[in-house]
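Down below is the structure, laid out as structure tokens.
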Amino acid sequence: MKIGSLNVGRVGVGAWQAGGRAWIVDFRELEKAYNYAFDHGVRFVDTAEIYGGGKSEEFVGRLVKDRPEIVVATKVAGFHWGRVLKSAEASRRRLGRIDLLQLHWPPPIYVPLCRAVRELEKAANAGFTHEIGVSNFDVKLMNKAVYCTKKWELVSDQVVYNPLQRGAESLIDAGRRLGFVVISWSPLARGAAVKEKLNNDPARRIGSVVKPTPQSRAVVECIKKIAERRSTTPAVVVLAWHVAKGAFPIPGVKNVAQARDVVESQRFTLTEREIAEIDQVSKPFINNKLLTTGARAVPAFLQKLVFSFLKI
Ligand SMILES: NC(=O)c1ccc[n+]([C@@H]2O[C@H](COP(=O)([O-])OP(=O)(O)OC[C@H]3O[C@@H](n4cnc5c(N)ncnc54)[C@H](OP(=O)(O)O)[C@@H]3O)[C@@H](O)[C@H]2O)c1
């Protein structure tokens, strides 16, 4: 798949886990996992300035230093409108380079949408990034945002998407029409789409969280059965489902076994029948809302306060 001019393969990885606050991780194991993924053909990593207050970006920066082929994506937080360039500069210092710079979420309503998008353009004009994108924008916002740019194009929108949170499907269609790619965050629903028992990481209590219900259990069971039939793991099946739907998944991994699933998913394809099976059982989750609209009502200073409290 291509995101703008960037060749990203079929599946990438996310590095929120390397922030070290929201997820319980062993950093030596984490390093082995990401190195395993990069050694075996994974070409894209996503991070953000707020993950561990820059710690995730520093971790990614060390890993990609001698790997020029890896596409590095990060996200600037919208706490200080007018200071996106400064944020981008600090992120680039930690990462060494930025290939895709994204706005982490839409601006509060009192900041004009186009002003926020043009901040990204300024960062691209200043040479801080090769491409620009956004995150957590719904279809309505994207329909406006793509026309805000003058010289650059918005090449991606990173939103929550997985078989238990399918609210982004109209956005995938809009992306085909308007020329941007949907990057799926929490592509495994933080594990809830692939297993019954979940660890007690703080991340599993923050933001867009899936609570187990009889309907969600039916989805997990269906995915498990397909995995058994095809002698693979549920995570491989879910990541292949993303590819079939036209989205680009960026699972977070904690260990080499999980990284191996990401690697395997690059070569694994579901049949039309298997895709239809998952689509059918996960139908109750089509209308889930994206985080967007409510978030715009919260002023930037309050967002900052909430995020520092949450320890993302
Ligand atoms: N733009 C945004 O607002 C936003 C929001 C959230 C995330 N993101 C990005 O999206 C990335 C991924 O999202 P996420 O980390 O929230 O959720 P995710 O990728 O759906 O879930 C990751 C968790 O699932 C478990 N897991 C991973 N691989 C597995 C496998 N093969 N089999 C079974 N369990 C597995 C691991 O936890 P355990 O080992 O504890 O089970 C891992 O920490 C993040 O790293 C970040 O880059 C962006």
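Bear in mind that the values here come from a model prediction, so they are computed numbers and not experimental data. First listed ligand is number 1; within each ligand, the first listed atom is number 1.
Close approach to S135 involves these atoms of ligand 1, each under 4.0 Å from a residue heavy atom: 1 (N), 2 (C). Interface atoms of ligand 1 facing N136, defined by a heavy-atom separation under 4.0 Å, are 1 (N), 2 (C), 3 (O). The atoms of ligand 1 that sit less than 4.0 Å from any heavy atom of H104 are 1 (N), 2 (C), 3 (O). Set against the non-hydrogen atoms of N199, the atoms of ligand 1 under 4.0 Å away are 38 (P), 39 (O), 40 (O), 41 (O). Below 4.0 Å from some heavy atom of A189 lie the following atoms of ligand 1, by number and element: 20 (O). Residue-ligand proximity, I250 to ligand 1, at heavy-atom distances under 4.0 Å covers atoms 9 (C), 10 (O), 11 (C), 12 (C). Every atom of ligand 1 is numbered from 1 in the order shown, and the set under 4.0 Å from a heavy atom of D201 is 40 (O). In summary, the atoms of ligand 1 found under 4.0 Å from a heavy atom of Q158, numbered by their order in the structure, are 1 (N), 2 (C), 4 (C), 8 (N), 9 (C), 48 (C).
Taking only nitrogen or oxygen atoms, main chain and side chain alike, K254 reaches within less than 3.5 Å of ligand 1. Checked by distance only, ligand 1 and D261 come closer than 3.5 Å through their nitrogen or oxygen atoms. Considering backbone and side-chain atoms together, V194 places no N or O closer than 3.5 Å to any N or O of ligand 1. Checked by distance only, ligand 1 and A257 stay at 3.5 Å or farther apart across all their nitrogen or oxygen atoms.
When the heavy atoms of P251, P187, G207, S186 are ranked by distance to atom 14 (P) of ligand 1, first place goes to S186. Closest heavy-atom approach to atom 38 (P) of ligand 1 within the set K75, R204, R190: this belongs to R204. Of the candidates G252, A192, S265, G252 brings a heavy atom nearest to atom 22 (C) of ligand 1.
Aromatic ring pairs are classed by plane angle as parallel below 30°, tilted from 30° to 60° and perpendicular above 60°; the pair F38 and Y34 is tilted.
Of the possible donor and acceptor atoms, one in the side chain of Q102 sits under 3.5 Å from a partner among the backbone N and O of T74. Using modelled atom types, no side-chain atom of T149 and backbone atom of K151 make a donor-acceptor pair closer than 3.5 Å. Between the R10 side chain and the Q266 main chain, a donor and an acceptor come within less than 3.5 Å of each other. T233 places a side-chain N or O within donor-acceptor distance of the main-chain N or O of V236, the cut-off being under 3.5 Å. Side-chain atoms of R43 never come within 3.5 Å of backbone atoms of V71 as a donor-acceptor pair (strictly under, hydrogens ignored).
With Y51 as reference, K75 is the one residue of K75, E57, R21 to meet the side-chain hydrogen bond (donor to acceptor under 3.5 Å, both in side chains) rule. The salt bridge (Lys or Arg N to Asp or Glu O under 4.0 Å) test with D39 singles out one residue from R67, K32, R260, and that residue is R67.
Heavy-atom separations between L198 and ligand 1 are all 4.0 Å or longer. Using 4.0 Å as the threshold, Y51 has a heavy atom nearer than that to some atom of ligand 1.
When side chains are defined from C-beta on, R190 does not count as touching V210, because their heavy atoms never get closer than 4.5 Å. A heavy-atom distance below 4.5 Å is found between the side chains of P107 and L113.
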